[in-house]
Amino acid sequence: MPATPMHVPEPSRTDPALIRNFCIIAHIDHGKSTLADRMLQLTGVVEQRQMRAQYLDRMDIERERGITIKSQAVRLPWAPITGEGQGSTHILNMIDTPGHVDFTYEVSRSLAACEGTVLLVDAAQGIEAQTLANLYLAMENDLTIVPVLNKIDLPAAQPEKFSEELANLIGCDPSDVLKVSAKTGLGVEALLDRVVQDVPAPVGVKDAPARAMIFDSVYDSYRGVVTYVRVIDGQLNKRERIRMMSTGATHELLEIGTNSPEMLPADGLGVGEVGYLITGVKDVRQSKVGDTITTLHKGATEALGGYKDPKPMVFSGLYPLDGSDYPELRDALDKLQLNDAALVYEPETSAALGFGFRVGFLGLLHLDVIRERLEREFGLDLIATAPNVVYRVVMEDGSEHVVTNPSEFPEGKIDEVFEPVVRATILAPSEFIGSIMELCQNRRGVLLGMDYLSEDRVEIRYTLPLAEIVFDFFDQLKSKTRGYASLDYEPTGEQGAQLVKVDILLHGDKVDAFSAITHKDAAYAYGVRLVAKLRELIPRQAFEVPIQAAIGSRVIARETIRAIRKDVLAKCYGGDISRKRKLLEKQKEGKKRMKMVGSVEVPQEAFIAVLSSDDSAGGKTKK
Ligand SMILES: Nc1nc2c(ncn2[C@@H]2O[C@H](COP(=O)(O)OP(=O)(O)OP(=O)(O)O)[C@@H](O)[C@H]2O)c(=O)[nH]1
């Protein structure tokens, strides 16, 4: 295959001195997408009448939930009205980043594609946990920080107080903090000027072998994978062959261009430029975020740093409510995976729930989004088992098991069990310190430290087992702090813990969907609660059915369902045969929705009721 470009490319498309690459980082709901909308409008790339709220958030779920999941890049021409570069048109590449903890890796890649960042803080809320988490990421990437307070139009805004807080945090003067309203547009032009003035122009070696970093890749059903890149050195040209440095895979560059915000094809991209490329690949895993792209011919030998495979942190079993939907569920997961390199799954069978999949997610929001998309976009009705983290079990004979499904927790002589831990940062008004500490303590947290951000706001840091966070931690935190606390966490490794598997047995048979791994101190409560609940939900059978919770062979809780013979014909005296038949038919219908667990018939509703309850045994997930 000839590898030389088919035409002589232009040396560089835009003078790097006129380029500014920046992103906006903020806590959820502080107004990042609204600010992005205003910038699109002010720079004229989207006409007034085409403007719709949150232009860049394209997924329906993003729109409805008001969150940004996938980052996008957009090229904004801007001639500063004041200050440096006044009057000359610059190219501002704005990268919109996801704000939620589950997507931190995507945020960090977007940051690596920029020289500067707008740190956006709600003037009525002040600094929140993700403001800090994102700020630390930006500092690690050596980005220039432009501090901005948003929503100054709100009556509850406290610009003085929070500019001081923000200035203390990043070490600038409070008067350097810009004050804007993304909603009305007030101050946004001045902000664009500041970006030109403060954010350094990209530096890269024009004549070096091409190196471009992938900071996002999305699947488009018409065009295949669209990969978003930032060129660091050299240039990429249309129709050239390129190589993915992590896998060695090569592709032809069918199309390359910029986003304004719609795709605008070009001949190539030069130093410092941000844009998209299309190679015809059909799966985002072939174009991974963080990877380096170079040219096949005279390519670079050293990749840009920072590539890492997304690692699922939380697993859950997904089962179709109607067993015959299994092939549709598989197809739907296959389709979603095209656009989501972090989504992993494998088939799984459960005696209780039938055929389904064990699916790995980055976190709970990711789980929720995937589940909702499966239900909404693919019309599937699903049962999800309680989410669990990944455990590492070391046996006495030295062998190791990685457990992603509690029912596969090994039996026998266990030496130690390891669970993932996170470093959690909680920001809240100081009056809630007591209740926050109590909550963290109850969740096996270890206090790392505490700092006052201002007189009445504190930052509390804890090490917590991830398993204790994945259930209802965030809800509890919110309710204990009247909604004022914010939480961010990052994985920090694993710790040995006294964990046991609790099994639930119906008439002596394990119900795999209810097996759970819990701390030994919480096992008894889990067992008692589940056993009591199942007794309520399972109808009487022809024989007595014991329901037990057990750790290994030791029973820790027990209830009994008494025997009864349900005779549907009892009401039919006389010989009305057609009526009898009807009743028997009806009973048969009902039985179809029954699942057999060993010799016990359990209505599917019982499984759903237990799995969707809101206690820690429940599969209904919350952010
Ligand atoms: N009053 C007022 N409201 C604003 C302003 N900017 C944003 N909002 C509102 O704040 C809410 C959150 O704004 P978004 O732009 O969705 O926030 P975001 O940071 O992009 O949120 P995520 O994408 O979830 O991270 C929306 O209801 C906006 O209308 C502002 O300047 N003034």
Side-chain angles (χ1 to χ4, degrees), residues 22-42 46 51-74 94-111 117-135 137-138 146-159 162-163 166 177-192 194 216 218 261 362-366 368-369 372 427 474 478 483 486-489 622-623:
F22 76 104
C23 54
I24 306 173
I25 56 178
H27 188 76
I28 252 171
D29 280 348
H30 280 202
K32 202 174 52 206
S33 306
T34 311
L35 180 62
D37 285 351
R38 274 311 75 67
M39 290 181 169
L40 291 179
Q41 235 174 340
L42 281 172
V46 179
M51 195 68 209
R52 54 173 200 256
Q54 307 199 339
Y55 195 90
L56 297 175
D57 289 351
R58 289 172 197 207
M59 250 193 262
D60 281 352
I61 295 176
E62 290 190 0
R63 246 166 229 289
E64 270 171 39
R65 293 178 167 230
I67 51 168
T68 308
I69 296 166
K70 281 305 221 179
S71 49
Q72 300 274 358
V74 56
M94 175 180 61
I95 293 167
D96 193 25
T97 56
H100 192 274
V101 282
D102 285 4
F103 304 95
T104 300
Y105 180 64
E106 293 194 3
V107 180
S108 85
R109 291 306 83 201
S110 307
L111 296 183
T117 180
V118 169
L119 179 66
L120 193 68
V121 173
D122 186 323
Q125 306 278 329
I127 292 161
E128 298 280 5
Q130 277 139 38
T131 322
L132 283 188
N134 288 328
L135 173 66
L137 281 177
V146 180
V148 180
L149 280 182
N150 185 30
K151 308 196 189 182
I152 52 161
D153 60 294
L154 285 178
Q158 295 175 276
F162 292 126
S163 354
L166 198 49
V177 177
L178 285 173
K179 297 171 188 68
V180 309
S181 165
K183 192 175 172 183
T184 65
L186 182 75
V188 179
E189 289 178 338
L191 169 56
L192 289 167
R194 269 286 281 280
D216 199 5
V218 292
L362 293 175
L364 283 193
L365 177 74
H366 191 207
D368 263 358
V369 167
E372 219 171 299
L427 261 72
F474 191 57
K478 283 279 178 196
S486 59
L487 165 75
D488 193 86
Y489 59 82
K622 295 188 176 135
K623 278 171 282 161

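Read the numbers this way: they start at 1 and go in the same order the structure lists the ligands and their atoms. All figures in this text were calculated on a predicted structure; none of them were measured in a lab.
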From atom 6 (N) of ligand 1, work out which of V188, N150, L120, D153 has a heavy atom at the shortest distance. N150

I want to confirm something. Looking only at heavy atoms, which of K183, R38, H27 is nearest to atom 2 (C) of ligand 1? K183

Rounded distance [0.5 Å steps], OG1 in T184 versus CD1 in I152: 7.0 Å

Rounded to the nearest 0.5 Å, how far apart are CD1 of I127 and NE2 of H30? 10.0 Å

Taken in chain and number order and not counting sequence neighbours, the residues that satisfy side-chain contact (heavy atoms from CB on, under 4.5 Å) with A190 are none

Ligand 1 to G31 polar contact by distance, N or O atoms, under 3.5 Å: yes

Short N or O distance, V180 and ligand 1, threshold 3.5 Å exclusive: no

Which atoms of ligand 1 are found less than 4.0 Å from any heavy atom of [X]?
{"X": "L154", "answer": "1 (N)"}
{"X": "T34", "answer": "6 (N), 7 (C), 13 (O), 14 (P), 15 (O), 28 (C)"}
{"X": "S33", "answer": "15 (O), 18 (P), 20 (O), 23 (O)"}
{"X": "I28", "answer": "24 (O), 25 (O)"}

Looking at K183, I want to see if its NZ is surrounded by more than 12 non-hydrogen atoms of other residues, nucleotides or ligands under 6.0 Å. no

Can you find a heavy atom in the side chain of D122 that is under 4.5 Å from one in the side chain of D29? no

Closest contact, heavy atoms only, G31 versus A182: O-CB, 4.2 Å

Side chain, backbone, both or neither: which part of A26 has a heavy atom under 4.0 Å from ligand 1? neither

At under 4.0 Å between heavy atoms, which part of H30 makes contact with ligand 1: side chain, backbone, both or neither? backbone

Determine whether a donor-acceptor pair (N or O, by modelled atom type, separation under 3.5 Å) exists between the side chain of N150 and the backbone of L120. no

